[in-house]
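Because the structure is a prediction, the values reported are computed rather than measured. The sequence lines fix the lettering, A, B, ..., with proteins before strands; numbering per chain opens at 1.
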Protein chains: 2
Amino acid sequence: MSEFPTAHLGPNAAARGRMLPEMRHAAILDALRSSGAVLVAEIAAQLQVSDMTVRRDLVELERAGRLIRTHGGAVSASGSATVAMDNEEPSFDARLRRQHEAKERIAAEAATLSMAHRTIALDVGTTTYLVANHLRERAHTKVFTNSVRVAASLGTSQAEVYLAGGRVRRDELSVGGAEAVAQFDKLWFDICFVGLSGITENGLFDYSFEDVDLKQVYLRRSGLKVALCDSSKFQRMSLVHVAQLTEIDVLITDAPPPSDIVAALKAAKVDIHVAP
Amino acid sequence: MSEFPTAHLGPNAAARGRMLPEMRHAAILDALRSSGAVLVAEIAAQLQVSDMTVRRDLVELERAGRLIRTHGGAVSASGSATVAMDNEEPSFDARLRRQHEAKERIAAEAATLSMAHRTIALDVGTTTYLVANHLRERAHTKVFTNSVRVAASLGTSQAEVYLAGGRVRRDELSVGGAEAVAQFDKLWFDICFVGLSGITENGLFDYSFEDVDLKQVYLRRSGLKVALCDSSKFQRMSLVHVAQLTEIDVLITDAPPPSDIVAALKAAKVDIHVAP
DNA sequence: GATATCGTGTTTGAATTTGTTCATATTCCT
DNA sequence: AGGAATATGAACAAATTCAAACACGATATC
């Protein structure tokens, strides 16, 4: 950490010396993560800056949605769940915002489609994460996933959650590896929802080869195989080929795909759901 | 600090210093959850504020529908639940606030102790969660856990995280079950940190029988077995007996335990670390 | 090298919160 | 019932906290 003497008050006080705003922000969020609330005066003393500076930091952090300001300090955002789930995560957050409305429509449609099923497999990804939010009130439903985010989100809901075990991928917070595959390959799901990063007439693609193994497990071990794919991903290939079009039963998207993809999907007997 | 020792009334006096209104609200609701009813004077003494302030808090909380005010205090809103169950486990957030400073000191000590080790097993719980925050910068370290919270927290850090697979327990977000046990029982950890909810000369105790299986795995499969236990848990038994004192190597706590526990620990050859 | 820009600290007055006092209302006890 | 004891709420005072405006220094830009 810091090579300054420190040795002050506080558990990990980065004191004295010039300090970049980002370091202060990190310190504030760190304190918030461990105690759920911070006080302006306390932070100011610990970081050796004026109250006003701390307040300006808090304003900025609040605008970014990382905390909620109150009189005298701030409390943790996202309720006070302290799951550190909604923290920066540049990639995931950025992707979540991108095409958000389309993804939300797709997620709602997916939730409707899942109504009749009791064991649901949920892949990793932003769209599937939004699907999870729709399943919160669903009692007597078992959700199987390899996404730590989905597990954390549904961990406070009615649904029963089963998480695959194994190595946790950084940032994406997905679980992968042979162990996870073996664990889920023994099961059978009524329906699965698989996220994608690209679709062409040649099949389905994703950028992370670490997550592909489990996508294939979901597709192999489910009664109804549903792919979720917003319109920005049409005609895009990515790093890894996940599956052929014939390997899915339903594609949920937000706009009609180009005609060649439609033709290929028809040939593969895939239902196309365009979310309203 | 220029205040009283404060450690007189209440099992967990979260007093001292300034306090955000939100923290008071949380404390009130927490007390309400565990005992079903609260008294104005009691809360005021415990939080070191005037009665009037407590009343204003209660007015606010009543308007929000979180409780029902009575003469002299308030009772729980959703009357049905909250029957003063002592074996009931309070919410994660409530436990995180309770004895927070002590837990943070324990966590820092645990982090220091873990320095020399490369594969670390981290149990579920608030104290172990705080330990995780100290491991964020630790590269080339593998952390094994059954806590979704720990995995989410460390998922954006330098450390490598391995999560056990299985059923996710509601609220606590811990993974449990035969699958998880089998998965970790094949491994060997350099050091493990196990959280507790009680310790007596007869051994270690915990609220949740669902989490005990994995605690025992950690203790069975680790080179150095470390228990984390703040001083409010001395002489307290809980639902489940986790292990004998002889089954751990180190106990980290925040204050010297009562003499009979010390004697029993000495007999069991357990190192006692009192975090400064 | 001069100027603009950004971040920070200080001052000031306003807004919010908290503590205190004192009538009034409620509960408890005999 | 009556009356003592206590809780309550309104009003006010004191203490904090907030935010806008300005000043200062450092860095960036031309």
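- With sequence neighbours excluded, the residues satisfying ring pair (Phe, Tyr, Trp, His ring centres under 6.0 Å) with B:F205 are B:H241.
- Note: CG (A:L20) to P (D:dT27) measures 12 Å, nearest angstrom.
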Derivation and outcome, side chain to side chain donor-acceptor pair (under 3.5 Å), residues A:N133 and A:S153: CA-CA 7 Å; A:N133 288 336; A:S153 165; 3.1 Å; yes

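- A donor and an acceptor atom, one from each side chain of A:S197 and A:K233, are nowhere located under 3.5 Å apart.
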For residues 117-125 of chain B, which side-chain donor-acceptor pairs fall under 3.5 Å, sequence neighbours excluded?
{"from": "B:T119", "atom 1": "OG1", "to": "B:D190", "atom 2": "N", "distance (Å)": "2.9"}
{"from": "B:D123", "atom 1": "OD2", "to": "B:G195", "atom 2": "N", "distance (Å)": "3.1"}
{"from": "B:D123", "atom 1": "OD2", "to": "B:K215", "atom 2": "NZ", "distance (Å)": "2.4"}

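- Each end of the helix from C:dG1-D:dC30 to C:dT30-D:dA1 gets its own rotation axis from five pairs of C1' atoms, and the angle between them is 30° to the nearest 10 degrees.
- Taking A:E62 as the reference, A:R69 meet the salt bridge (Lys or Arg N to Asp or Glu O under 4.0 Å) condition, with sequence neighbours excluded.
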Do nucleotides 19-30 of chain C as a string where each nucleotide becomes B, S or -: B if the base has a protein heavy atom under 4.0 Å, S if just the sugar-phosphate does, - if no protein is that close. BB-----SS---

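- Distance, B:E60 CD to C:dT16 C1': 12 Å, rounded to whole Å.
- Note: NE2 (B:H25) to C1' (C:dT17) measures 11 Å, nearest angstrom.
- Contacts of A:R138 classified as salt bridge (Lys or Arg N to Asp or Glu O under 4.0 Å), with partners at least two apart in sequence or in another chain: none.
- If you take CG of B:L47 and P of C:dT17, they are 17 Å apart, rounded to a whole angstrom.
- What separates CG of A:L39 from P of D:dT17 is a distance of 8 Å, to the nearest Å.
- Distances shorter than 4.0 Å separate some side-chain N or O of A:R69 from OP1 or OP2 on D:dA19.
- By the salt bridge (Lys or Arg N to Asp or Glu O under 4.0 Å) test, A:E42 is found to be paired with no residue, residues two or more places apart in sequence or in another chain being considered.
- Under the rule for a side chain to side chain donor-acceptor pair (under 3.5 Å), the partners of A:Q99 that lie at least two apart in sequence or sit in another chain are A:D230.
- Taking atom CG of B:L58 as the reference point, atom P of D:dA7 lies 13 Å away to the nearest angstrom.
- For the pair A:R24 CZ and C:dC6 P, the interatomic distance rounds to 16 Å; values are reported in whole Å.
- Between the CG atom of A:D57 and the P atom of C:dG9 there is a distance of 10 Å, given to the nearest Å.
- Annotation: salt bridge (Lys or Arg N to Asp or Glu O under 4.0 Å) contacts involving residues 46-60 of chain B, sequence neighbours excluded, comprise B:R24-B:D57.
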